[in-house]
Structures are given as C-alpha cells and as structure tokens.
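Written below as structure tokens is the structure these notes are about.
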Amino acid sequence: MSHAPAPAPASVPTHCPYCALQCGMNLRRSGQTVEVVDRDDFPVNRGALCGKGRTAPAVLSSRVRLTGPLVRHPATGRLEPAAWEEALRATADGLRRARARHGADAVGVFGGGGLTNEKAYALGKFARVVLGTSQIDYNGRFCMSSAAAAHGRAFGLDRGLPFPLEDVPHTGCVLLVGSNLAETMPPALRYLTELKDNGGTLIVVDPRRTKTAEQADLHLAPRPGTDLALALGLLHLVVAQGRTDEEFIRERTTGWEDARAAAMAHWPELVERITGVGVPQLRAAAAAFCDAPNAMVLTARGPEQQSKGTDTVGAWINLALATGNAGRPLAGYGCLTGQGNGQGGREHGQKADQLPGYRRLDDPLARAHVAGVWGVDPDSLPGPGRSAYELLDALGRDVRALLLMGSNPVVSAPRAGHVEGRLRSLDFLAVADVVLSETAELADVVLPVAQWAEETGTTTNLEGRVLLRRRALAPPPGVRSDLEVLHGLAGLLGYGKGFPTDPEEVFGELRRASSGGPADYAGISYRRLEEEQGVFWPCPEPGRAGQGASGTGGTEGTEETEGASGTGGTGCGEPHPGTPRLFLDRFATPDGRARFVTVVHREAAEPTDAEYPVVLTTGRVVAQYQSGAQTRRVDELNEAAPGPFVQLHPQLAARVGVAEGEAVAVVSRRGRAVAPARVSEAIRPDTVFMPFHWPGAGRANTLTNPALDPTSRMPEFKVCAVRLERPEHREDPAHPAHPAHPERATG
Ligand SMILES: Nc1nc2c(c(=O)[nH]1)N[C@H]1C(S)=C(S)[C@@H](COP(=O)(O)OP(=O)(O)OC[C@H]3O[C@@H](n4cnc5c(=O)[nH]c(N)nc54)[C@H](O)[C@@H]3O)O[C@H]1N2
Ligand SMILES: Nc1nc2c(c(=O)[nH]1)N[C@H]1C(S)=C(S)[C@@H](COP(=O)(O)OP(=O)(O)OC[C@H]3O[C@@H](n4cnc5c(=O)[nH]c(N)nc54)[C@H](O)[C@@H]3O)O[C@H]1N2
Ligand code: SF4
Ligand SMILES: [Mo]
C-alpha cells in the first residue's frame with residue numbers, strides 16, 4: 001500500500017461511513033486530511049448530510065484512532081505497542097491453540113454490518129474455510145434480523161425496501177412504525193415532508209412523541225412491545241369495515257383465512273387495553289390507511305427489536321397485504337435498515353446461517369455452488385452456528401477464542417455486564433478496529449485498521465442499492481485494511497491463497513459466489529458502479545435470470561439505471577439493469593404468491609410487575625452513532641450529545657422525586673444504570689427511554705433483556721421491566737469516579 005500523497009486535490013465522490021442511507025458526499029484532500037464537500041448528484045440525499053456525516057473525517061485523525069497494533073504484555077497485563085508480524089502471529093497462535101485444544105467450534109468470529117460487502121464476504125469465508133468453524137455471527141442480528149425473517153416468510157426474499165426511497169412521496173399514506181428517522185436518517189425526512197406536500201398522510205407509531213412523530217398527521221403512542229396487538233387491531237377494523245382488497249388477496253396471496261381469523265380475535269377494545277391507544281385513534285388510523293389509493297408500511301427497530309419481532313413485522317405485512325398494498329407501484333411494506341452496510345452485511349456470509357448471495361447454509365445446492373467458487377469440498381463447510389447473543393453468551397465456555405471485526409458489544413449487546421464478563425473469560429480475544437473501543441480494551445491483540453475514506457469497497461444501502469465507496473486518501477502507515485488482516489492471518493494458518501487484499505478482486509469472487517442466489521450481484525462491477533448511482537440487486541449476469549430476479553419480475557428502470565449500457569457485462573448480451581422495484585409481477589415464493597402468516601399477540605418476555613413497574617425502551621439520538629466508538633471521539637458531536645440520559649414523563653418524575661437534570665437510577669433484573677433525568681411530556685408516563693451510545697454508569701445495555709425472538713434470535717432491546725430510584729450520592733454522574741457496578745460474570 002502506497003503512502004505517497006495522491007496527485008490532484010480533486011474531490012472524490014464517496015459515501016458516509018455511518019448509517020444505511022449511505023449519503024453521497026465528496027471528499028476533498030487538503031494536505032494529509034480530507035474535508036467533506038457537497039455532492040448533489042447522488043439521488044438518495046441530494047447533498048444533504050447529518051452532523052455525523054459532515055464530521056466523519058474527524059475520526060480519520062491519528063489523534064483519536066489506533067495507529068499501530070497492540071499486544072497484551074504477559075508481565076504487565078497491559079496492551080503494549082507491537083509490530084504487525086508479532087500481532088498477527090499472536091492472533092494466529094491464539095486461534096490455533098483454541099482449535100487444537102477444544103475443536104474448530106471453540107473458535108468464534110463476530111462481524112459487523114458496517115463492514116463493506118468485500119469484508120463481510122472475506123470474513124465469512126475465513127471462518128468457514130480457514131477456521132472451519134460454524135461459530136460466526138454479527139451485530140446485524142441485533143439490528144434487522146426480525147424484519148429479515150418476516151420478509152422471507154411473507155415474500156420469499158429479504159431486501160429492506162422493495163422500492164427506492166424516491167417512491168415514498170408519491171404514495172398516499174405512510175404508516176411509519178418505530179422509526180425515528182428525523183434523528184436516525186435526517187436527510188430521509190425530506191421524503192416524508194414531500195409526501196405531505198403531495199397531499200399524502202403520515203401516521204407514526206412510537207411510544208414517544210419524537211421529532212419524527214411531530215411531523216405526523218396522526219401519532220399513535222402504544223406501550224412498548226404491543227405493536228403486534230396494534231397491527232392486528234388495525235387489521236380487525238379493516239376487515240370489519242369491509243375494506244380488504246379481495247381481488248388482490250385471491251390472486252396474489254395465500255393463507256388469508258387463518259390470518260383473518262386471528263386478527264378478528266383482536267377487537268378494538270381489547271387492543272386499546274393492551275396498547276393504550278384509544279379506539280377512536282385506531283379507527284382514524286385504519287381509515288386514513290384505507291382511504292389512500294396507495295399506502296406503505298415502513299418499520300424500523302421499534303417493532304423489530306422485540307422477542308416477538310418476527311411475528312410483529314408479520315402482522316404489519318398482513319395489514320399491507322390485506323389492503324392490496326404490496327407487489328404494485330407506490331405501495332408496499334419495507335424495513336428501514338440501520339447500519340451502513342446493514343443490507344449487504346447480511347447477504348454475503350457473516351451470518352450464522354448463510355452463504356454468499358443470501359444463500360442458505362443448510363441448502364445442499366448452495367453449499368455445492370459456494371464450495372465450488374472457494375475450491376473446497378462442500379462437506380468441509382460447517383453447518384449453521386449460534387446467533388450473536390448466544391455466541392457471546394457461550395464465550396469462555398464452548399467458545400474459547402474470538403476474532404471480532406466491526407462491533408463493540410461491551411456497549412451494544414443486551415445484558416452488557418454479562419457479555420463483558422464473558423469476553424473477559426475468553427482464552428484469547430483479537431479485535432480489529434479503527435479506535436480503541438471498550439471491547440478492544442479487553443483484547444489480547446488489537447489490530448488497527450483502515451477506514452471508509454482510506455479504502456475502496458461496496459456497501460448496499462437500505463434500498464438494496466449497491467454503491468461504491470471510493471478511497472480518498474491513504475491510511476496512516478501503521479494501519480492495515482481488514483482484508484490485509486484476513487490475508488495475513490490466513491497465510492499464517494496455512495492458506496497462502498484465497499484471501500486477496502484488493503477489494504475489486506474480492507468483489508469479483510463475491511459476484512461469482514452470489515451468482516444465481518437470491519441476492520445476485522453477478523452483473524455488478526466496480527466499473528459500472530463508477531458510472532451509475534448504484535445498482536439495485538438482484539442483478540444477474542447478462543443473459544441469465546437470477547433466482548431473485550426470476551421470482552420478482554418488474555425490473556422497471558429508474559433514471560439512474562435505465563441508461564446503463566455495456567458496462568456491467570460479464571459475458572455477452574445486454575447488461576441487466578438491476579431491480580429497483582421488487583415483486584411487481586410475482587413474489588419470490590415458489591408459487592409467486594405472498595404468504596399471510598397467522599400471528600397472535602403475546603406479552604413481552606419480561607412483563608412489568610410490582611417490583612419492576614416501569615417499561616424501559618432504548619434507542620438513539622441524532623448526534624451519536626451506535627456504541628459511540630466513533631462519534632464519541634468527535635468534539636462537535638459530544639457537545640451536541642454529551643452523555644446518557646433517562647427520558648421520563650413529569651408524572652413519573654414526580655412519583656420518583658427527581659427533577660430535570662438530576663440523577664436517576666434505573667434498575668432491572670440484570671443491573672443498575674444511573675443518568676440524568678430528562679423530564680418530558682413526549683413520552684408515555686409508564687415508559688422511560690434511554691439512548692444506548694455510552695459505556696459506564698449510564699450504559700443502557702446493563703439493563704436490557706436478552707430474551708430472543710424464537711425465529712430471528714433478535715434480543716428484546718425495546719422492552720424490559722425496570723424500577724426507578726433516587727440514586728445514592730456516590731452514584732451521581734457528577735462523580736464519575738464511582739461507576740455503577742456492571743453485573744458480575746456468572747458461570
Ligand atoms: N443518529 C443515529 N442514527 C442512526 C444510528 C445511530 O446509532 N445514531 N444507528 C443506525 C442503525 S444501525 C439503526 S438500526 C437505525 C435505527 O433507527 P430507528 O429504528 O429509527 O432508531 P431507534 O431509536 O432505535 O428506534 C426508533 C424508535 O422506536 C421507538 N420505540 C421504542 N419501543 C418501541 C415499540 O415497542 N414500538 C414502536 N413502534 N416503537 C418503539 C423509540 O421510541 C424510537 O423513537 O438507525 C441508524 N441511524
Ligand atoms: N439497548 C440497545 N442496544 C442496541 C440497539 C438498541 O436499539 N438498543 N441497537 C442494536 C443495533 S440495531 C445495532 S446495529 C448494534 C450496533 O452496535 P455495535 O455493533 O457495537 O456497532 P458500532 O458502535 O457501530 O461498532 C462498530 C465498531 O467497529 C469499528 N469499525 C468501524 N468501521 C470499521 C471497519 O471498517 N473495520 C473494522 N474492523 N472496524 C470498524 C467502530 O470503530 C466500532 O468500534 O447495537 C445494538 N444495540
Ligand atoms: S444520515 Fe446516515 S448516511 Fe447520511 S450523513 Fe447521516 S449518518 Fe451519514
Ligand atoms: Mo442497527
């Protein structure tokens with residue numbers, strides 16, 4: 001890798017390192033740094049950026065990042081600077097030793113949805129081929145797995161949005177469930193504003209009156225964890241008022257009778273009792289949804305991060321299907337994915353049950369195809385492994401060594417005190433990161449890696465649009481790319497070939513591995529991505545209908561993709577234009593019909609009771625990103641969002657006896673957190689909200705419940721039972737020398 005300064009100061013068009021909107025931006029070099037300048041040609045954000053994107057270059061500075069490998073010194077027990085060769089050898093030894101002593105499945109791999117497609121692909125291949133372990137999963141399990149599972153069940157294919165965002169302003173009604181996109185994807189708020197300007201209706205479902213809910217024509221504020229009942233109640237009203245689309249149900253779906261019967265058991269008064277949303281509001285929402293000629297249901301983490309997230313999303317999909325709002329233009333169900341590569345990150349093999357191209361690891365044909373590309377015996381590929389929380393929970397027990405790339409579970413995992421204890425109990429932990437995250441601090445080896453602006457790679461945004469993030473400057477000398485790390489480790493573990501360091505070469509292999517799979521990238525090339533504003537998958541190679549494409553029909557072109565000519569071809573014939581809109585002719589199920597799923601409401605895994613009478617829900621604020629590993633290192637963002645807080649209603653605050661800004665202790669069965677109270681009428685009186693971006697005394701995940709959805713294995717981040725207390729003096733956040741005690745490791 002060359003560290004010579006690049007020639008011209010011309011700006012490089014690329015994309016933000018953070019969320020799934022993947023806003024386009026230009027980076028202009030000035031000396032050894034880069035600055036963000038507007039890029040208006042990318043249609044998703046048209047030049048708009050949030051504060052995180054605007055300040056992202058601050059994390060490139062060597063002031064805040066890792067600039068060389070660290071190895072824990074046996075004598076001092078501290079992380080000390082080390083040469084790359086030493087760090088890689090120590091890592092290879094640590095992984096090899098666990099495998100020799102306890103078998104291949106004693107080595108775990110944990111990835112991230114922020115990793116590029118190339119890295120996610122290489123990481124999955126590294127786990128299955130080099131380590132031979134089934135124990136790989138990633139933080140996307142905490143993010144989108146419930147929507148992904150529900151998508152698969154209903155439509156036979158999982159892509160966040162089955163249509164581009166540009167369609168949103170032109171539908172008639174958007175039912176936005178548990179998304180605070182005004183804070184989590186600020187430039188996307190424009191699509192909702194334009195919807196209203198066009199005369200459309202916005203309904204927001206959120207227990208809090210968020211910045212997003214403030215935009216709504218109708219805001220429903222259910223008790224957290226009750227969306228399933230809410231969706232069934234709305235469907236009940238739609239049926240009772242005779243507003244189902246019988247022709248659509250007959251022609252394009254299966255399973256309606258049972259799903260209908262289940263909804264009919266959720267009559268409005270019952271739903272009001274469960275959710276706290278009044279019958280008149282339920283009626284108004286059902287009417288607004290049905291009155292619109294076209295409607296969309298969009299969900300995000302609110303309804304998904306529940307121990308019944310898959311069924312909950314299923315219930316919202318049922319509402320869309322019953323009203324004929326799917327499989328046609330300007331209507332449908334979609335999920336707003338989260339991380340920069342939240343979509344692509346779950347398609348290329350770092351998920352416990354998947355192979356590249358969104359193939360199933362338990363499908364013999366898929367195994368044979370991918371093993372062929374990898375040049376290995378299909379029988380040598382391990383089977384499905386544990387899900388993310390189950391993997392973290394097994395650390396130090398069945399799984400003795402872990403390679404972690406692109407996640408910070410000490411802050412972001414549920415029941416984080418326990419997870420922290422499990423990480424500490426490992427025989428060996430290696431972390432590849434950009435910064436010394438709270439998880440990297442626990443590692444035996446820390447591998448410093450290059451970031452977004454320093455390396456080229458592809459991501460797939462929430463629309464299923466595959467994008468090229470271009471390198472704008474060289475990484476600092478002591479830093480290597482994740483692909484170089486995997487290449488180096490593979491070499492030391494006996495695989496001198498098969499792990500190239502050039503992202504384009506990895507992408508070439510990924511295309512072959514995905515070819516014919518549901519997420520088919522075979523027709524996409526770097527050259528094509530340089531010329532187009534992204535390409536929507538499935539995009540099979542010319543002359544071949546991919547599995548996804550044949551199941552989806554309707555490859556209606558958009559402005560961006562129609563003009564494509566002769567650039568993406570891998571063989572002869574016209575290049576495939578990509579698939580901005582799915583399901584227009586048929587769904588991706590074997591019979592081409594969408595499937596209603598019969599679901600009924602059930603309670604949260606941990607209901608409130610006399611001892612823990614309040615519901616805790618968790619989420620985000622605009623100025624911090626995820627575990628905060630990156631954004632907590634940016635001054636401007638810290639000024640805007642300096643630390644954790646507990647949002648609570650004045651009535652609840654009065655009952656506990658805390659005033660605005662005073663410390664309040666939140667106690668669950670898993671631990672105790674202390675943070676300043678933020679007293680606000682914008683939240684239900686029976687609910688408190690904490691953002692999860694901070695470690696230490698105010699860590700929200702000390703409290704959260706790792707109860708898992710039975711299908712998706714998604715933890716219940718959005719609902720657990722807590723009680724509030726006035727903290728003891730020594731716990732006051734004004735005295736940070738006394739952090740709250742994280743839960744001690746068990747077992
Ligand atoms: N600023 C910022 N932006 C981000 C991120 C970030 O960390 N910071 N992370 C990115 C990622 S990875 C993701 S996944 C997305 C997440 O994006 P969102 O899903 O928009 O974010 P959250 O704040 O987790 O949750 C959204 C809303 O769900 C509500 N909610 C809580 N419980 C329930 C419930 O039971 N039902 C319903 N209907 N709503 C409920 C919360 O009050 C919250 O306002 O954001 C992405 N963008
Ligand atoms: N209570 C609660 N907890 C939650 C949630 C919630 O709503 N409530 N949301 C969940 C969700 S949706 C998500 S997505 C997770 C996210 O939580 P995490 O998985 O912890 O996500 P990040 O903080 O983005 O961690 C990414 C790490 O990778 C590093 N990194 C960035 N780029 C690269 C790279 O290119 N290579 C490598 N090797 N490292 C890199 C960053 O510095 C950072 O340390 O949190 C989950 N946790
Ligand atoms: S909205 Fe998301 S992609 Fe856009 S600038 Fe902000 S963090 Fe980056
Ligand atoms: Mo996420």
Side-chain angles (χ1 to χ4, degrees), residues 15-23 25 44-45 48-54 56 59 65 112-116 119 138-140 142-144 177-188 205-208 210 212-213 220 222-227 230 299-306 312 336-340 342 404-414 416 431-435 437-440 447 449-452 455 457 461 481-482 485 604 615 617-631 683 687 689-693 700-701 703-704 715 717-719:
H15 296 272
C16 175
Y18 299 120
C19 87
L21 209 53
Q22 284 296 284
C23 293
M25 58 169 69
V44 177
N45 64 310
L49 297 171
C50 78
K52 297 185 297 302
R54 226 178 350 89
V59 188
R65 73 188 295 184
L115 301 177
T116 59
K119 295 178 186 189
Y138 79 124
N139 67 8
F142 296 161
C143 183
M144 282 222 37
V177 189
S179 156
N180 184 14
L181 64 70
E183 295 208 51
T184 54
M185 299 184 178
V205 181
D206 195 306
R208 302 184 302 141
T210 58
T212 314
L220 310 182
R223 192 177 154 85
T226 63
D227 298 80
L230 185 69
T299 66
R301 300 311 81 78
E304 298 169 12
Q305 288 175 328
Q306 300 184 15
T312 301
L336 302 159
T337 67
Q339 299 180 83
L404 188 140
M405 195 173 260
S407 180
N408 186 14
V410 167
V411 178
S412 59
V431 174
D433 206 307
V434 172
V435 296
S437 71
E438 287 71 19
T439 309
L447 303 162
V449 293
Q451 316 177 38
W452 60 292
E455 53 185 2
N461 83 346
S481 72
D482 289 296
V485 166
V615 179
T617 194
T618 60
R620 294 158 166 83
V621 297
V622 65
Q624 297 288 352
Y625 188 69
Q626 313 274 63
S627 74
Q630 291 154 286
T631 48
I683 186 165
T687 301
F689 170 85
M690 290 181 76
F692 77 99
H693 309 294
N701 276 319
L703 306 168
T704 48
F717 286 116
K718 288 291 188 266
V719 205

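Worth knowing before you read on, the calculation uses all heavy atoms, side chains too, and leaves out hydrogens, waters and symmetry mates. Read the numbers this way: they start at 1 and go in the same order the structure lists the ligands and their atoms. For the single chain, residues carry numbers from 1 onward in sequence order.
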Legend entry - Spacing of OG1 belonging to Thr337 relative to CD belonging to Gln22, to within rounding of 0.5 Å: 9.0 Å
Inset, instruction - Look up atom CE in Met25 and atom CG in Asn45, then write down how far apart they are to the nearest 0.5 Å. - result: 8.0 Å
Inset, instruction - Give a yes/no on ligand 2: does Met690 have at least one heavy atom closer than 4.0 angstrom to it? - result: no
Inset, instruction - Consider only side-chain N and O atoms of Asn139 and Gln339, and report whether a donor and an acceptor are under 3.5 Å apart. - result: yes
Inset, instruction - Flag the pair Arg301 / Lys718 as yes when at least one side-chain heavy-atom distance between them is below 4.5 Å, and no otherwise. - result: yes
Inset, instruction - Would you please test Thr210 and Glu183 for side chain to side chain contact (heavy atoms under 4.5 Å, CB included) and show each step? - result: CA-CA 9 Å; Thr210 58; Glu183 295 208 51; 5.7 Å; no
Inset, instruction - Measure the distances from the heavy atoms of Asp482 to every atom of ligand 2 and state whether one is below 4.0 angstrom. - result: yes
Inset, instruction - Starting at CG of Leu181, measure out to OG1 of Thr212 and round the result to the nearest 0.5 Å. - result: 5.0 Å
Inset, instruction - Just jot down the ligand 2 atoms closer than 4.0 angstrom to any heavy atom of Lys119, in number order. - result: 34 (C), 35 (O), 36 (N)
Legend entry - Enumerated ligand 2 atoms positioned under 4.0 Å from heavy atoms of Asp433: 27 (C), 28 (O), 29 (C), 30 (N), 39 (N), 41 (C), 42 (O), 43 (C), 44 (O)
Legend entry - Sub-4.0 Å atoms of ligand 2 with respect to non-hydrogen atoms of Val435: 42 (O)
Inset, instruction - Using distance alone, determine whether Ala432 and ligand 2 share an N or O pair under 3.5 Å. - result: yes
Inset, instruction - With heavy atoms of Asn408 as the reference, note each atom of ligand 2 found under 4.0 Å away. - result: 18 (P), 19 (O), 20 (O), 25 (O)
Inset, instruction - Could you tell me whether the side chains of Thr299 and Glu304 share a donor-acceptor contact shorter than 3.5 Å? - result: yes
Legend entry - Least distance between heavy atoms, Thr631 atom then Tyr625 atom: OG1-N, 2.8 Å
Legend entry - Between CZ on residue Phe692 and CD on residue Gln624, distance to nearest 0.5 Å: 10.5 Å
Inset, instruction - Any chance you could measure Asp482, atom CG, to Met405, atom CE, to the nearest 0.5 Å? - result: 4.0 Å
Inset, instruction - Grab the two heavy atoms, one from Ala604 and one from Val719, that are nearest each other, plus how far apart they are. - result: CB-CG1, 3.8 Å
Legend entry - Side-chain (Gln451) to main-chain (Val59) donor-acceptor, under 3.5 angstrom: yes
Inset, instruction - Give, for atom CG of Asn701 and atom CZ of Phe717, the distance between the pair rounded to the nearest 0.5 Å. - result: 5.5 Å
Inset, instruction - May I ask you to list the atoms of ligand 2 that are less than 4.0 angstrom from any heavy atom of Met405? - result: 38 (N)
Inset, instruction - For ligand 2, note which part of Thr116 has a heavy atom under 4.0 Å away: side chain, backbone, both or neither. - result: neither
Legend entry - Pairing residues for Pro691 by the side chain to side chain contact (heavy atoms under 4.5 Å, CB included) criterion, not counting sequence neighbours: Val621, Phe645, Phe689, His693, Trp694
Inset, instruction - State the atoms of ligand 2, each with its element, that fall below the 4.0 Å cut-off from a heavy-atom position in Ser437. - result: 44 (O)
Inset, instruction - Anything protein N, O or S sitting under 2.8 Å from atom 4 (Fe) of ligand 3: count it and give me the total. - result: 1
Legend entry - Val449: numbered ligand 2 atoms lying under 4.0 Å from its heavy atoms: 36 (N), 37 (C), 38 (N)
Legend entry - Shell of residues surrounding ligand 1, defined by a 4.0 angstrom heavy-atom cut-off that is strict: Cys19, Lys52, Cys143, Val177, Gly178, Ser179, Asn180, Glu183, Thr184, Val205, Asp206, Pro207, Arg208, Thr210, Pro224, Gly225, Asp227, Ala300, Arg301, Gly302, Gln306, Gly338, Gln339, Thr617, Gly619, Arg620, Val621, Val622, Gln624, Tyr625, Gln626, His693, Lys718
Legend entry - Partner set under side chain to side chain contact (heavy atoms under 4.5 Å, CB included) for Asp433, not counting sequence neighbours: Val431, Val435, Ser437
